[in-house]
Amino acid sequence: MSTARPHTGFQLRFVVGSARDTPLRVVFRPARPEDLADVHRTPDPQAVAPSAAAPSVVGRIPVRRGPGDVADAAEFHVLTVDDRVVATVGLRPLTSRTTGTTGTTGAAGTAELHDLWVARGWRQRGFGRLLLACALTRAAAAGFDQVVLLPRTAAGWFHRHGFTPMGLDVLPADRRAFVDESHGPVLLGRGSEPGHAVDLLSRLSDLRVTFTRSGRELRWDPAEDTILLLADSAGVQLDSMCWSGVCGTCRSTLVSGTVHYLSEPTCDLAEGEILPCVTAPVTDVVLDV
Ligand code: FES
């Protein structure tokens, strides 16, 4: 059986707006050798404190290596802003290791997500959701039907994004040996997602769009495509003209949250300003309009 390996060359591009930035160019791509940072020797991966896996500088990937937890740098993908790494995720094929090394039958097309990491300073800004959406679509593109992970922290966050507890039998024996189940189920899993990560962002969990001046809070509906269309359908009045990111008439201040651009804005925007006519939410958003 051939081993399913992450493809090289898979790349996604986003333009992202947040309350603190002018539009950011974000790229999801395979890690390069120069992205790698320290190699941490960790004999028991379950005992790793989150801080132990954090690199000392933003912009490089921590790769942990130890018995039973050999992180292959080739498994990593990164999110970059201006070619600076701000988040990482590893995608480790499990299927062939399960069938090939133990003789047991594993679920077909299963990969383990590991080392999901967002650099300090980039957290609470939607990059975790962006990273997860990219990883799930990347997994599908690489032929994995489902992904599993062993969350060291933030299990609730993964539950909110569609992960449910799974039996450990999907893990190869050498990996399973390091898992401590004494505190209950520890493995979470969900299906991968074919398609584009941008489409998935809207479906990962419920999102709210709040307009401060009218006091309206709307549930995001992916069928509306953009925040301006959502507002228009709900009777929230926003100034607008071109509806295509050109004239700048709809520019609005983002009080909190992150959006992604469906098409590049062609007018100038100040820090924290976005164009509702060409954006959709990545997280809950609050707009000062
Ligand atoms: S309506 Fe013209 S940029 Fe949004």
Side-chain angles (χ1 to χ4, degrees), residues 11-29 79-84 86-87 118 121-134 137 161 193 195-289:
Q11 196 170 101
L12 298 170
R13 292 178 178 275
F14 304 85
V15 179
V16 169
S18 83
R20 294 189 231 167
D21 305 296
T22 52
L24 300 169
R25 268 80 191 162
V26 181
V27 175
F28 178 78
R29 61 163 172 77
L79 274 183
T80 66
V81 174
D82 295 333
D83 215 27
R84 192 174 172 83
V86 300
V118 178
W122 294 89
R123 297 171 189 168
Q124 310 296 325
R125 297 168 74 174
F127 282 88
R129 278 175 61 87
L130 203 56
L131 183 68
L132 181 60
C134 291
T137 53
H161 290 85
E193 292 275 351
H196 197 284
V198 159
D199 300 324
L200 177 57
L201 275 172
S202 294
R203 294 184 276 111
L204 271 178
S205 62
D206 277 352
L207 295 175
R208 303 277 161 179
V209 180
T210 302
F211 302 90
T212 56
R213 295 184 198 172
S214 63
R216 297 285 302 279
E217 179 186 284
L218 305 178
R219 183 176 177 176
W220 172 246
D221 178 356
E224 296 289 3
D225 286 340
T226 69
I227 293 172
L228 183 58
L229 281 167
L230 178 78
D232 190 61
S233 296
V236 177
Q237 298 296 320
L238 302 186
D239 291 338
S240 61
M241 193 179 298
C242 71
W243 292 59
S244 58
V246 175
C247 69
T249 305
C250 70
R251 63 163 59 87
S252 308
T253 299
L254 192 58
V255 178
S256 65
T258 300
V259 299
H260 66 86
Y261 282 84
L262 300 163
S263 59
E264 287 241 11
T266 55
C267 58
D268 290 336
L269 291 169
E271 185 177 303
E273 283 186 341
I274 64 149
L275 298 176
C277 69
V278 284
T279 51
V282 173
T283 64
D284 290 340
V285 298
V286 177
L287 283 168
D288 184 23
V289 286

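Indexing begins at 1, ligand by ligand and atom by atom, following the structure's order. Because the structure is predicted, anything quoted here is derived from the model rather than measured.
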*Side chain, backbone, both or neither: V246 near ligand 1, heavy atoms under 4.0 Å*: backbone
_Assess, by modelled atom type and distance only, whether the side chains of R129 and S205 contain a donor and an acceptor separated by less than 3.5 Å._
yes
*Polar side chain donor-acceptor pair, T212 to D288, under 3.5 angstrom*: yes
*Do me a favour and list the nearest non-hydrogen protein atom to atom 3 (S) of ligand 1 with residue, atom name and distance?*
G248 N, 3.2 Å
*Contact atoms of ligand 1, heavy-atom distance to M241 under 4.0 Å*: 1 (S)
*asked:* Is a donor from one side chain sitting under 3.5 angstrom from an acceptor on the other, for S252 and E273?
replied: no
*Examine C277 and say whether one of its N/O/S atoms is closer to atom 4 (Fe) of ligand 1 than 2.8 Å.*
yes
*What are the atoms of ligand 1, with element, lying closer than 4.0 Å to any heavy atom of W243?*
1 (S), 2 (Fe)
*Proximal ligand 1 atoms for G245, defined as those under 4.0 Å from one of its heavy atoms*: 3 (S)
*Ligand-residue contact atoms, ligand 1 with C250, heavy atoms, under 4.0 Å*: 1 (S), 3 (S), 4 (Fe)
*Is atom CZ of R25 surrounded by more than 12 heavy atoms (other residues, nucleotides or ligands) closer than 6.0 Å?*
yes
*Which heavy-atom pair separates I227 from A280 by the least distance, and what is that distance?*
CG1-CA, 4.2 Å
*Kindly compute the distance separating CZ (F14) from NE2 (H260), expressed to the nearest 0.5 Å.*
8.0 Å
